[in-house]
Amino acid sequence: MDYNFNEIEKKWQDYWREHKIYKVDIDTSKPKFFVLDMFPYPSGAGLHVGHPLGYIASDIYSRYKRLKGFNVLHPMGYDAYGLPAEQYAIQTGTHPAITTEKNIARYREQLDKIGFSYDWSREVRTSDPKYYKWTQWTFIRLFESWYNKKAGKAESIASLIAEFENHGNSSIDAACSETPGFSALEWKIKSEKEQQELLMNYRLAFLANTMVNWCPELGTVLANDEVSEGFSVRGGHPVERKLMKQWLLRITAYSDRLLSGLDTIEWPESLKDIQRNWIGKSVGGSMLFDLSGKDEKIEVFTTRPDTIFGATFMVLAPEHELVQHITTSEQKQEVETYVKRTKNRSERERMSEVKKVSGAFTGAYALNPFTNKEIPVWIADYVLMGYGTGAIMAVPAHDSRDFAFARHFELPIVQVINQRGNEPSDPSLWEESYDSKEGILINSGQFNGLEVKKAILAIVGECENREIGHGKTNFRLRDAIFSRQRYWGEPFPIYYKEGMPYAMDEKQLPLELPAVDAYLPTEYGEPPLARAKNWQTTEGYPIETNTMPGFAGSSGYYLRYMDPQNTQEYFSKEAVGYWENVDLYMGGAEHATGHLIYARFWNMFLFDIGLAVKQEPFKKLINQGMIQGRSSMVYRANLEKMAEYLLWEQLKNKQLGVDFVQDFRDGRRKFDFFSEEAKLIIEVKRMGALEKLADYYIDYSNEKGYRLLLIPIREFVDDFQGIINKIKTAINGGDFPVFEEKEAFKAGNVFVSKNIRGREFFSDPIHTDISLVHNDILDTEGFKNWQPHLSNAHFILEDGKYVCGWEVEKMSKSKYNVQNPDELIEKYGADTLRLYEMFLGPLEQSKPWDTQGIEGVFRFIRKLWRLYHNEMNELSISEEKATKNELKALHKTIKKIEEDTERFSFNTAVSAFMIGLNELADLKCNKREILEPLTILISSYAPHIAEELWMLLGYNESVVIQQFPVLNESYLIEDTFSYPVSFNGKTRFKIDLPFTMDAKGVEEAVLHSEEAQKWIEGKSIKKIIVVPQRIVNVVV
RNA sequence: GCCCGAGUGGUGGAAUUGGUAGACACGAAGGACUUAAAAUCCUUUGAUCAUUGCGAUCGUGCCGGUUCGAGUCCGGCCUCGGGUACCA
């Protein structure tokens, strides 16, 4: 073989490893660049071709930046905690660490084969005690911190205690749980336990009773982003709401910073939008409503204070604490029934019944503070306890949900916003509410005539004056639940004294995960860690038995890469001062509301306490598109349908000289085909069916004087023309057998090629393994051997081939469309795989995996090899001076590669390499002056072949540490430009003119050109547009 | 429902700022080399009409607009993909 990629790639991978080519250290003489891939979870299935897409792109960029003189940090590690290994442990008893270790080894083997430039000396694993020591350490810091809103940052709990001791909590503005006011004196006389309880309201990592997403089948709670439509994202198990005591992280303290920080980073707009929606900031007001004849007040949150005059009723969440107090005795029964019903309904049921209006009247009335009218108070499950105050003022005229509710329960609707230019109308005639914020106020007392935005301010102002409300901002973002009732995760460095949690001393970290006898909850329903022996401190205090969730370890890992071996601190000041944050983060958009928001929060906290030096962890982020599977389909024929279809194609429209009808009926009898003219009945059936029915058919046709032809399906496969001939004979009055006995063939396995006419009428698509299909042509022998029941398959071919259909779907085992990179590397080599994955299309776009084009890239690589070699596969390099054309081809390529790599347009970069190589090959260029820069140029894309060629060129230092070739624009300057000349916008011909010619000259030249005459002839010229070095357009 | 994104040959895709639509590849067809195969090379390849050649017309999801000129900008729609959902 001319170009032996197997040998070459192995050789250089070994070389890179042995010479630690990709190891980086702090080097202040060079600018730094941090390129990071999202932490993979090493699953048992290994990598499929979708995973490396982003890794290849970031690797190319890393190598490119290195050639450009940057000191590039490009690490890799493993998000090693995770449910699959634990589920496997529960089933088999294998410790998750063993499974994980095995999976990591497999991942590493696959990654190495692709030739990545990772600095493996910096590898981290979340399950490694040396690593999770710092996860636990950060948790303690969070536990020992509170968020000072006045300072806009996290501060230590010690400062809070000092403040309490001096002033109580009256002047504190903190992100905290609901806490009653207390004075310094009151603080001091509280017991330690009481003080601890109060502090818990302020800590950034805190313990609280919360409604959680409980997944009984996984036996654990899940974060909001781990649940989708009432089912767990991993595994698809049902999830229910449950009140439990859990650790939470007060991420909501950072809502505003998480939101505004988005404006400072280069992320895809769609990803920022997802985060903005998730954070869900809404600005509005909080208002207090008096209750008729009661002391209690109801607080509501609204984004539309301007519509207060239209508030004709109120709605509380069924779980609202006031419900019991205010419900009248008459309504008690109804309310209790409703509350009970909502409680028992699963999340899932609630979701599916979104459009169904339901609710109950409490019997109580509130007072609208602006209209002073009594308005009824209802409960309904469309009001959620978890958002705002769990109570709303309902403005049916201007809120679609309130509108639907009012219609259903016949509650009054009052219009208070009028769209400019429209007349106010009777809301009882409306088909929908008017929700828009455009318009002016009506029916609103002294506020009439105000525009919505001004009215909001005016009414909030009025509420503040009357001390019944104030402006308020709400966030949709919830605090992050941080406990998991699981074994395979980081233990909390927390112990309990008198039931109150205390953080362990940092010196005791890492708190290592203990051994357990089984990975299941205890018989009392405690988490698996409760099974551990002596799970207590040396003083005998019990240690927390929950473990941390998956996002704990992945929230700060990028920082640890800066200084992964450090045993004294998370990372050194020096390291973080140099590497700062991630310059390019490559990964999937599916982490938008999980990892990417937690990591930003984690980093902001570390920034507040002086560890991180940048607010935002990931400066630029690119989402690589998903690689979808491209399934191949074969079409299994329904034989009877097929036979009937094929025959009808021949019989219809008098093709055989006589009229036929299909599905002829005579009373209750039905025949496939019948010709009155030829007095002929034709019936198509399986052999067995024909044998049974033959006598019956024969009797009938004899009685009627018809002739009969019974055709077994087998004949269609064996001899279709024979059938037609037989029918022709019958029509012409000749003799023919009614039917010939043939051996029946086994049912089912006849497959029709995709483009056989009528295929869609008589076949069903079935998935087949993509490894049996090449360029949509099925390997029929392989297919027969694929599964036992296919061994007797028959094929109906087109042009001697079986053509498969295809569909784009998720890559999955059950669809037989999983492609793993190992096979491709074996067949084509890693360089080809790398180039091909990039060549497939724009990085950010989702696309189906399809190996059809890989041959083209493989040809390119071999052509590159041949440029440096003669026919005998001997190195052949000329020392001659390069020609102008050769230099132009090279520098055009340099320019394009530089531009395209900078803007992550790797698919067009690969094209540019192909174009450049085609040009150089046409010029038969083997000159060192050209090939040396070309080798460096391609080394970031195809590093193995580049290293080999670089060595063959006579160097003994790796190509990856060379300088990127410098573009010399002077080689690109053209003497002439070929102007496309269009008339009325339609391009008609081209004309070569000097590059430097001015617009006037171009115009003259075009008008005097021979070809122009044809188009000008008989018409007058209205206008000529000349864009120098672009186009000429003549308007006639 | 709401918020994003995308619709270009048989296929993946290119066209970076409004300026030659279909680069580069795959596939297909034909040919050269070869005892043969592989590999390689050459020609054709958006559609329709014309075909001896010249060519002509249409064409970037659909309808309309702006412009000398629109795949690109604007308005309205259709389809597909992603996110999110009683968030007041």
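Every chain is numbered from 1 and lettered A, B, ... according to where its sequence line falls, protein lines coming before strand lines.
Spacing between atom OH of Tyr836(A) and atom P of rG12(B) amounts to 11 Å, rounded to whole angstrom units. The CD1 atom of Ile915(A) sits 6 Å away from the P atom of rC24(B) (whole-angstrom rounding). One can place CG of Asp399(A) at 6 Å from C1' of rA88(B), the figure rounded to the nearest angstrom.
Out of rU16(B), rC4(B), rC86(B), the shortest distance to the side chain of Asp273(A) is found at rC4(B). Which of rU20(B), rG13(B), rU16(B) sits closest to the side chain of Lys896(A) comes down to rU16(B). Of the listed nucleotides (rA15(B), rG19(B), rA88(B)), rA88(B) has the atom at the smallest distance from the side chain of Leu384(A). Checking rA25(B), rG13(B), rU84(B) against the side-chain heavy atoms of Gln845(A) singles out rG13(B) as nearest. With rC3(B), rG12(B), rA15(B) as the choices, the nucleotide that has an atom nearest any side-chain atom of Phe839(A) turns out to be rG12(B). The nucleotide whose nearest atom lies closest to any side-chain atom of Ile392(A) is, among rA88(B), rA85(B), rC41(B), rA88(B). Listed nucleotides rA25(B), rC68(B), rG13(B) differ in distance to Pro842(A); the shortest reach to its side chain belongs to rG13(B). The side chain of Asp900(A) lies closest to rU16(B), out of rU16(B), rA23(B), rC87(B). Nearest to the side-chain atoms of Arg988(A) among the listed nucleotides rG13(B), rA56(B), rU84(B) stands rA56(B). Taking the side chain of Val1027(A) as heavy atoms from C-beta on, and the options rC68(B), rC87(B), rG19(B), the nearest nucleotide is rG19(B).
For Tyr979(A), the ring pair (Phe, Tyr, Trp, His ring centres under 6.0 Å) partners at least two apart in sequence or on another chain are Phe977(A). Taking Phe313(A) as the reference, Phe405(A) meet the ring pair (Phe, Tyr, Trp, His ring centres under 6.0 Å) condition, with sequence neighbours excluded. Every residue two or more places apart in sequence or in another chain was checked for a ring pair (Phe, Tyr, Trp, His ring centres under 6.0 Å) with Phe289(A), and none qualifies. Asp273(A) pairs by the salt bridge (Lys or Arg N to Asp or Glu O under 4.0 Å) definition with Arg276(A), not counting sequence neighbours.
Contact annotation for Asn907(A): backbone-only contact, meaning every heavy-atom pair under 4.0 Å involves sugar-phosphate atoms and none involves a base.
Counting only Watson-Crick and G-U wobble pairs whose two key distances fall under 3.5 Å, RNA chain B forms stems of three or more stacked pairs at B:1-7 with B:78-84, B:10-12 with B:24-26, B:27-32 with B:40-45, B:46-49 with B:55-58, B:61-65 with B:73-77.
Taking each heavy atom of Arg988(A) and Phe983(A) in turn, the nearest pair found is CG-CD1, 3.6 Å. The two residues Pro268(A) and Glu844(A) make their nearest non-hydrogen contact at CG-OE1, 4.2 Å.
Between Phe403(A) and Trp430(A), the ring-plane angle classifies as parallel under the 30° and 60° cut-offs.
Anti is the glycosidic conformation of rG27(B), whose angle departs from 0 by more than 90°.
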Step by step, work out the salt bridge (Lys or Arg N to Asp or Glu O under 4.0 Å) result for Asp256(A) and Lys281(A). CA-CA 8 Å; Asp256(A) 248 327; Lys281(A) 181 177 186 172; 3.0 Å; yes
Thr851(A) vs Tyr828(A), side-chain hydrogen bond (donor to acceptor under 3.5 Å, both in side chains): CA-CA, chis, key distance, verdict: CA-CA 11 Å; Thr851(A) 49; Tyr828(A) 300 103; over 6 Å; no
Set out, line by line, the N/O atom pairs under 3.5 Å between protein and nucleotides 29-39 of chain B.
none

